[in-house]
Undergrad: 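Shown below is the structure under consideration.
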Amino acid sequence: MQVKKAVFPVAGLGTRFLPATKSSPKEMLPLIDKPLVQYVVEEAVASGIEQLLFVTGRSKRAIEDHFDISFELEALLQEKGKDDMLQEVREIADMVKIFYVRQKQALGLGHAILCAREFVGDEPFAVLLGDDIIDAEQPCLGQLLDVYRKYRGPVVALEKVPIEAISSYGCVKATGITDRIFEVTDLVEKPRREEAPSDMAIIGRYVLTPDIFPILERQTPGKGGEIQLTDALLTLSREEAIYGCLFKGKRHDCGDKLGFLKATVDMALKREEFNEEFRDYLREVLARG
Ligand code: UTP
């Protein structure tokens, strides 16, 4: 069955980015000139997703506005003859069919996904998290969908991380099928370094099936008192095979301040419009010591 629907949970409180996230969502932080959320929506669209559900919370209106038509802005750009910009803002509103549901309390990622049950129905679906911006030749979600089509089971995106960083992630124990594809045999949310079953972390892209919903419904709070998707996936892995895909590409952790800063620099260096000037500026800053 083709995966046409994606769920994008954006109801977290974004505490690591306070005070910037006090009244505006983390997902609207701009990398150069595009909010994080748009990079992820573009990845979903490029992977063949046709319908997208945002699971929103308080202070997330800006996301809805971003993907809506802005009549005043369009009229102004038209009047000023700024046709390129006009086309760009129009394309955002036309990108994909978007739906919204509210997670009334931030009870955890697992709970946010449970809020998507009616939207998903009985189809397989993708989940994308806005913290992870992935620069890849083939979109990361597209790589996971290839695995889903071949093995017909839920797939999580994996990345090898330095072992001292593993306690910030969901971590898996997995058996290799190929050098990039694994069967996941154990999952632990934010393990202590000495308890981590491997150095493979789950990052913010998943392909799931509706089998996850009855498990999420029964799921009790785990790490941090939150209903964790990782815990539900562990239960699911005892009932059916779950796969992991070591994706090809570069992930930027934009949920973290330093990661966000690095992503900004990387992205800026890739932009032709300020490539040389920005490179020179970085050299000058480094020379200053
Ligand atoms: P994070 O663990 O990054 O939490 O959530 P957060 O609230 O966004 O950020 P910090 O850690 O406080 O700085 C992972 C993803 O799950 C979503 C978040 O929006 C983020 O995309 N999420 C988390 C929800 O939608 N609802 C929740 O209850 C929790």
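Note: hydrogens, waters and symmetry copies are ignored here, and every other heavy atom, side chains too, is used.
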Undergrad: Taking NZ, NE, NH1 and NH2 as the nitrogens, is one of them in Lys262 or Asp266 under 4.0 Å from a carboxylate oxygen of the other?
TA: no
Undergrad: Answer with yes or no after comparing the ring centroid distance for Phe274 and Tyr281 against a 6.0 Å cut-off, counting only values under it.
TA: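 Between Phe274 and Tyr281, the centre distance exceeds or equals 6.0 Å.
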Undergrad: Within the structure provided, determine whether Pro25 and Val10 are in side-chain contact (heavy-atom separation under 4.5 Å).
TA: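 In short, these two side chains do not touch, never coming nearer than 4.5 Å.
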Undergrad: Return the set of residues passing salt bridge (Lys or Arg N to Asp or Glu O under 4.0 Å) with Glu42 (not counting sequence neighbours), or none when no residue passes.
TA: Lys34
Undergrad: Could you check whether any side-chain heavy atom of Leu269 comes within less than 4.5 Å of a side-chain heavy atom of Val265, counting everything from C-beta outward?
TA: yes
Undergrad: Heavy atoms only: give me the nearest Met267-Leu31 pair and the separation to one decimal.
TA: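 Met267 and Leu31 have their closest heavy atoms at CE-CD1, 3.9 Å.
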Undergrad: Under the rule for salt bridge (Lys or Arg N to Asp or Glu O under 4.0 Å), what residues qualify as partners of Arg271, not counting sequence neighbours?
TA: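 Per chain and number, Arg271 pairs via salt bridge (Lys or Arg N to Asp or Glu O under 4.0 Å) with Asp33, Glu273.
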Undergrad: Report yes if some heavy atom in the side chain of Gln219 is under 4.5 Å from a heavy atom in the side chain of Leu114; otherwise report no.
TA: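 Side-chain contact under 4.5 Å: no.
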Undergrad: Does Gln87, at its CD atom, have more than 12 non-hydrogen atoms belonging to other residues, nucleotides or ligands within less than 6.0 Å?
TA: no
Undergrad: Where the side chain of Thr185 meets the backbone of Lys173, is there a donor-acceptor pair that is under 3.5 Å apart?
TA: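 Such a contact is found between Thr185 side chain and Lys173 backbone.
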Undergrad: Please give me the minimum heavy-atom distance between Glu43 and Leu128, naming the atom from each residue.
TA: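 Closest heavy-atom pair between Glu43 and Leu128: OE2-CD2, 4.1 Å.
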Undergrad: Can you tell me how far the CD atom of Gln143 sits from the CG atom of Leu145, to the nearest 0.5 Å?
TA: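 Here the rounded value is 10.0 Å.
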Undergrad: Find the distance between OG1 (Thr264) and CD1 (Ile133) and round it off to the nearest 0.5 Å.
TA: 10.5 Å
Undergrad: Determine whether Met95 and Ile69 fall in the same hydrophobic cluster, where Ile, Leu, Val, Met, Phe, Trp and Tyr are linked whenever their side-chain heavy atoms lie under 4.5 Å apart.
TA: no
Undergrad: Is the shortest heavy-atom distance from the side chain of Leu233 to the side chain of Ile212 under 4.5 Å?
TA: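 SC-SC contact between Leu233 and Ile212 confirmed.
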Undergrad: Whether the side chain of Gln51 engages the backbone of Phe99 through a donor-acceptor N/O pair (distance < 3.5 Å, no angle test) should be reported.
TA: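 Side chain of Gln51 to backbone of Phe99, a donor-acceptor pair under 3.5 Å: no, none is there.
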Undergrad: Hey, is the main chain of Lys223 close enough, under 3.5 Å, to the side chain of Gln228 for a donor-acceptor pair?
TA: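 Such a contact is found between Gln228 side chain and Lys223 backbone.
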Undergrad: To the nearest 0.5 Å, what is the distance between OG1 (Thr230) and CG (Leu109)?
TA: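 Spacing of OG1 (Thr230) from CG (Leu109) equals 7.5 Å.
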Undergrad: Just verifying a value: how many Å separate Lys248 NZ and Gln138 CD, rounded to the nearest 0.5 Å?
TA: 8.5 Å
Undergrad: Would you indicate whether Glu64, at its atom CD, is surrounded by more than 12 heavy atoms from other residues, nucleotides or ligands within a distance under 6.0 Å?
TA: yes
Undergrad: Please report the interatomic distance NZ(Lys5) to CD(Glu50), rounded to the nearest 0.5 Å.
TA: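 Reported value, rounded in 0.5 Å steps: 10.5 Å.
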Undergrad: If you draw a 6.0 Å radius around CD in Glu195, do more than 12 non-hydrogen atoms from other residues or ligands fall strictly inside?
TA: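 Atom CD in Glu195 is crowded, with more than 12 foreign heavy atoms closer than 6.0 Å.
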Undergrad: Of all heavy-atom pairs between Asp231 and Gly222, which one has the smallest distance, and what is that distance?
TA: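 Looking at all heavy atoms of both residues, the shortest contact is OD2-CA, 3.7 Å.
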Undergrad: So Lys26 and Asp131, do their side chains get closer than 4.5 Å, heavy atoms only?
TA: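 With C-beta onward as the side chain, the pair touches.
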Undergrad: Walk me through whether Arg90 and Glu74 qualify under salt bridge (charged side-chain N to carboxylate O under 4.0 Å, His left out).
TA: CA-CA 8 Å; Arg90 266 200 192 140; Glu74 289 194 12; 3.0 Å; yes
Undergrad: Under 3.5 Å, sequence neighbours excluded: what are the donor-acceptor pairs made by side chains of residues 115-122?
TA:
{"from": "Arg117", "atom 1": "NH1", "to": "Glu217", "atom 2": "OE1", "distance (Å)": "3.4"}
{"from": "Arg117", "atom 1": "NH1", "to": "Glu217", "atom 2": "OE2", "distance (Å)": "2.9"}

Undergrad: Does Leu129 offer a backbone N or O that forms a donor-acceptor pair with the side chain of Arg205 under 3.5 Å?
TA: yes
Undergrad: Do the non-hydrogen side-chain atoms of Cys245 and Arg180 ever get within less than 4.5 Å of each other?
TA: yes
Undergrad: Could you give the distance from SG (Cys254) to NZ (Lys257), rounded to the nearest 0.5 Å?
TA: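 It comes to 14.5 Å.
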Undergrad: Indicate the atoms forming the closest heavy-atom contact of Gly142 with Ser47, along with that distance.
TA: N-OG, 3.2 Å
Undergrad: For the pair Leu229 and Leu208, evaluate side-chain contact (heavy atoms from CB on, under 4.5 Å) and give the outcome as yes or no after the intermediate values.
TA: CA-CA 11 Å; Leu229 177 61; Leu208 301 176; 4.3 Å; yes
Undergrad: Side chains of His252 and Tyr39, heavy atoms from C-beta outward: is any pair under 4.5 Å?
TA: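 A side-chain contact is absent here, since even the closest heavy-atom pair is not under 4.5 Å.
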Undergrad: Flag yes if more than 12 heavy atoms outside Glu276 fall under 6.0 Å of its CD atom; otherwise flag no.
TA: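 Buried by this count: over 12 neighbours within 6.0 Å.
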Undergrad: If we check side-chain contact (heavy atoms from CB on, under 4.5 Å) with Phe8, which of these qualifies: Leu53, Val55, Val41?
TA: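 Only one option passes, and that is Val41.
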Undergrad: Using atom types as modelled and distance alone, determine if a side-chain donor or acceptor of Thr21 lies under 3.5 Å from a backbone N or O of Gly14.
TA: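 Yes; at least one donor-acceptor contact below 3.5 Å.
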Undergrad: Quick check: closest heavy atoms across Leu216 and Ala232, and the distance to 0.1 Å?
TA: CD2-CB, 3.5 Å
Undergrad: Is the count of non-hydrogen atoms from other residues, nucleotides or ligands lying under 6.0 Å from Arg61 atom CZ greater than 12?
TA: no
Undergrad: Tell me the closest heavy-atom pair linking Leu73 and Val89, and the distance in Å.
TA: CD2-CG1, 4.0 Å
Undergrad: Taking the side chain as every heavy atom from C-beta outward, state whether Ile203 and Ile134 have any pair of such atoms under 4.5 Å apart.
TA: yes
Undergrad: Taking everything shown except Glu164 itself, do over 12 heavy atoms lie less than 6.0 Å from its CD?
TA: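 Yes - once you tally the heavy atoms of other residues, nucleotides and ligands closer than 6.0 Å, there are more than 12.
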Undergrad: Going by an N to O cut-off under 4.0 Å, is there a salt bridge joining Lys270 and Asp135?
TA: yes
Undergrad: Quick check: does any side chain N or O of Glu240 sit under 3.5 Å from a backbone N or O of Gly153, one acting as donor and the other as acceptor?
TA: no
